[in-house]
S.K.: 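Below: one structure in structure tokens.
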Amino acid sequence: MKVEERPVELETLIYEKDGRIATVTLNRPEKGNALSRKLRDELDLVMDDLDLDDDTRVLIIKAAGNHFSTGYDLTEFSYLWDADSAINDVQRRPHRRSPVWSRREFHLSRERWMRLFRLRQATIGLAHGHCIAGGLDLLGVCDVAFCADDALFGQPEARAMGEIHVFGLWPIHLGMRKTKEWLFTGDNMNGLEAAEFGLVNRSVPRDQLEAVGRAYAERVANVPLDALYSHKEVTNRWFEAQGMHAGMAAANDLDAMGIAGPALNEFTEIWREGGVRPAVRFRDREFKEHRTYWEAYQASRNNTSTGGKPGPGGTAGA
């Protein structure tokens, strides 16, 4: 059936259709497109619509503003295991502060993301700016991803706050060693690195990102919907047979245990006293001087070779 061009009126997303191609734009730019509960509810509404739409063959997912997504909206989620620090009445209920219920919420979140993973239409993610933490869950379940060269991808929450809900599918997209290399530090890779390692299909200059995504979408849209879905299913089944669901479930289990453990103690104390931003600054304080360990290593070599004097383009001790 042919659906109307603006089928669903939404607050946190812009949903449009043009021929066989639909586009969803994350539209919380003032919040870095943080993934709120309302945004995820509205994404479910988009999928409800596409489930009934036999004409649309491709869904492009992009974002307004400076960033694709800065992760889950932490103003809506409490990691603080006492009644005084809970952020709503539901979290003040004693049983809600048990890691058992956090585990359940994380599993339910994973299942919602996997609905997008299994969508009949081909999905194309276009990432620019920061795509970190929960933003990686969204991009990870897209079939194909393109990014801007200067985009930044990372899991900074790995420094103190546990695992994300589908783990960004990193072991699948990056492989074991690259996943561990970047997860152990929580550092950000740029768009060029993400393309080299396989996290995205291609990295392009920022001003070309949407045009490249559209060019690919228009080509894919020439393939019948049932054929596209068949291609998705057979490809996905290879990785499902290798245990991807069990791996993601482990991330949910360990996340629930981790946020209730000692690694989060200092972080939560600062959160209680001053809020999310001071806690995040505390978490990242040892990592701020350089983007990656490799940049830190090269800076130290440069500093040593110049006897502490500034090298080309740098400052002493940088």
Side-chain angles (χ1 to χ4, degrees), residues 26 28 31-35 61-63 65-74 77 79 106 109-110 113 125-142 145-204 206 209 247-248 251-252 254-255 258-259 263-264 267 276-277 279-299:
L26 309 188
R28 301 186 76 210
K31 300 292 185 181
N33 291 312
L35 303 173
I61 301 175
K62 60 179 185 174
N66 296 326
H67 304 291
F68 180 75
S69 177
T70 53
Y72 293 108
D73 190 337
L74 295 181
F77 299 87
Y79 291 87
F106 299 155
S109 175
R110 167 176 53 87
W113 286 129
L126 304 181
H128 69 281
H130 282 84
C131 177
I132 59 175
L136 288 169
D137 277 346
L138 172 54
L139 193 73
V141 297
C142 291
F146 301 111
C147 75
D149 292 340
D150 58 358
L152 292 173
F153 303 88
Q155 296 196 38
E157 81 290 339
R159 297 167 179 167
M161 300 166 63
E163 319 297 347
I164 53 179
H165 301 170
V166 299
F167 211 49
L169 272 67
W170 270 23
I172 291 175
H173 297 314
L174 294 176
M176 180 185 289
R177 284 186 169 158
K178 282 297 179 187
T179 295
K180 290 178 178 178
E181 177 185 355
W182 291 88
L183 193 64
F184 286 173
T185 63
D187 289 338
N188 290 330
M189 66 184 78
N190 62 34
L192 294 170
E193 292 166 332
E196 178 186 353
F197 303 151
L199 186 62
V200 301
N201 296 82
R202 187 180 298 274
S203 178
V204 300
R206 173 70 181 90
L209 178 60
M248 287 185 287
N252 306 148
L254 291 166
D255 191 17
I259 63 176
L264 203 62
F267 183 89
V276 174
R277 291 184 182 277
V280 169
R281 285 196 294 268
F282 170 80
R283 179 196 69 191
D284 296 339
R285 70 196 185 284
E286 300 294 341
F287 301 89
K288 280 294 187 183
E289 188 172 0
H290 302 286
R291 180 175 63 86
T292 68
Y293 77 93
W294 188 247
E295 288 188 0
Y297 165 71
Q298 292 192 320

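Values in this document were obtained by computation on a predicted structure and should not be read as measured data. Reckoned from all heavy atoms, side chains included, excluding hydrogens, waters and symmetry mates.
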S.K.: Are W170 and Q155 close enough that some pair of their side-chain heavy atoms sits under 4.5 Å apart?
M.R.: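 Answer yes - side chains close enough.
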S.K.: For R291, does the CZ atom have more than 12 heavy-atom neighbours from other residues, nucleotides or ligands under 6.0 Å away?
M.R.: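 Check passes, neighbour count above 12.
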S.K.: State, with a plain yes or no, whether a side-chain heavy atom of L126 is found less than 4.5 Å away from one of F68.
M.R.: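 No; the side chains remain at least 4.5 Å from each other.
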S.K.: Is there a donor-acceptor pair under 3.5 Å between the side chain of N190 and the backbone N or O of A151?
M.R.: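 No, because the side chain of N190 does not come within donor-acceptor range (under 3.5 Å) of the backbone of A151.
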S.K.: How close do G71 and A133 get, heavy atom to heavy atom, and via which atoms?
M.R.: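 Smallest heavy-atom distance, with atoms named: CA-CB, 4.1 Å.
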S.K.: For P156, which of I132, V280, T70 qualifies under side chain to side chain contact (heavy atoms under 4.5 Å, CB included)?
M.R.: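 For P156, the side chain to side chain contact (heavy atoms under 4.5 Å, CB included) test succeeds with only one of I132, V280, T70, which is I132.
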S.K.: Tell me the closest heavy-atom pair linking L183 and A158, and the distance in Å.
M.R.: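 Closest approach of L183 to A158, heavy atoms only: O-CB, 3.5 Å.
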S.K.: For the residue pair R283 and A160, what are the closest heavy atoms and their distance?
M.R.: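 In this case the closest contact between R283 and A160 is CG-CB, 3.9 Å.
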S.K.: Quick check for you: to the nearest 0.5 Å, what is the distance between F106 atom CZ and N252 atom CG?
M.R.: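 The distance works out to 8.0 Å.
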S.K.: Would you check if the side chain of R159 reaches a backbone N or O of G186 as a donor-acceptor pair within less than 3.5 Å?
M.R.: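 Checked: pair present.
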S.K.: Report yes or no: does D73 contribute a side-chain atom to a donor-acceptor pair with the main-chain N or O of L35 at less than 3.5 Å?
M.R.: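 Checked: no pair found.
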S.K.: Can you tell me how far the NE2 atom of H165 sits from the CG atom of L136, to the nearest 0.5 Å?
M.R.: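 H165 NE2 to L136 CG: 12.5 Å, rounded to 0.5 Å.
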S.K.: Can you check whether F146 reaches V200 side chain to side chain, under 4.5 Å on heavy atoms?
M.R.: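 In short, these two side chains do not touch, never coming nearer than 4.5 Å.
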S.K.: Look only at the side chain of R28 and the backbone of A34, and say whether a donor-acceptor pair between them is shorter than 3.5 Å.
M.R.: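 Yes, because the side chain of R28 sits within donor-acceptor range (under 3.5 Å) of the backbone of A34.
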S.K.: Do you know the tightest heavy-atom contact between H173 and G168?
M.R.: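 Distance-wise, the nearest heavy atoms are CD2-O, 3.5 Å.
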S.K.: Look only at the side chain of S203 and the backbone of A195, and say whether a donor-acceptor pair between them is shorter than 3.5 Å.
M.R.: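 Absent.
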S.K.: Is there side-chain contact between F153 and E193, with heavy atoms separated by less than 4.5 Å?
M.R.: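 Answer no - side chains too far apart.
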S.K.: Do any N or O atoms from the side chain of Q298 and from the backbone of E295 form a donor-acceptor pair under 3.5 angstrom?
M.R.: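 No, Q298 side chain to E295 backbone: no donor-acceptor pair under 3.5 Å.
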S.K.: About how many Å separate CH2 of W182 and OH of Y293, when rounded to the nearest 0.5 Å?
M.R.: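 Nearest 0.5 Å value for the OH-CH2 distance: 7.5 Å.
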S.K.: As an exercise, state the distance from NZ of K180 to OG1 of T185, rounded to the nearest 0.5 Å.
M.R.: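 It is 14.5 Å, given to the nearest 0.5 Å.
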S.K.: Closest heavy-atom contact between M161 and D255?
M.R.: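 Scanning both residues completely, I find the closest heavy atoms to be O-OD1, 3.3 Å.
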S.K.: When you measure from the side chain of H128 to the backbone N and O of G65, does any donor-acceptor pair fall under 3.5 Å?
M.R.: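 Confirmed, H128 side chain pairs with G65 backbone.
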S.K.: Do S69 and L138 touch side chain to side chain, with heavy atoms closer than 4.5 Å?
M.R.: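 The answer is no; the side chains never approach within 4.5 Å.
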S.K.: I need the L199 CG to C131 SG distance, nearest 0.5 Å.
M.R.: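 Between L199 CG and C131 SG, I get 7.5 Å after rounding to 0.5 Å.
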S.K.: What heavy-atom pair brings I164 and G134 nearest, and what distance separates the two atoms?
M.R.: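 Nearest pair, atom of I164 first, then G134: CG2-N, 4.1 Å.
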S.K.: How far does CD1 of I172 sit from CZ of F167, to the nearest 0.5 angstrom?
M.R.: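 Rounded to the nearest 0.5 Å, the CD1-CZ separation comes out at 11.0 Å.
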S.K.: Assess whether atom CZ of R177 is packed by more than 12 heavy atoms of other residues, nucleotides or ligands within 6.0 Å.
M.R.: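 Count not over threshold, so no.
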S.K.: Under a 4.5 Å cut-off applied to non-hydrogen side-chain atoms, are K62 and L209 in contact?
M.R.: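 No - every pair of side-chain heavy atoms lies 4.5 Å or more apart.
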S.K.: Any chance you could lay out the side-chain contact (heavy atoms from CB on, under 4.5 Å) test for R206 and D149, step after step, and finish with the verdict?
M.R.: CA-CA 6 Å; R206 173 70 181 90; D149 292 340; over 6 Å; no
S.K.: Compare all side-chain heavy atoms of T292 with those of M189 and state whether any distance is below 4.5 angstrom.
M.R.: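 Side chain of T292 against side chain of M189, heavy atoms only: no contact under 4.5 Å found.
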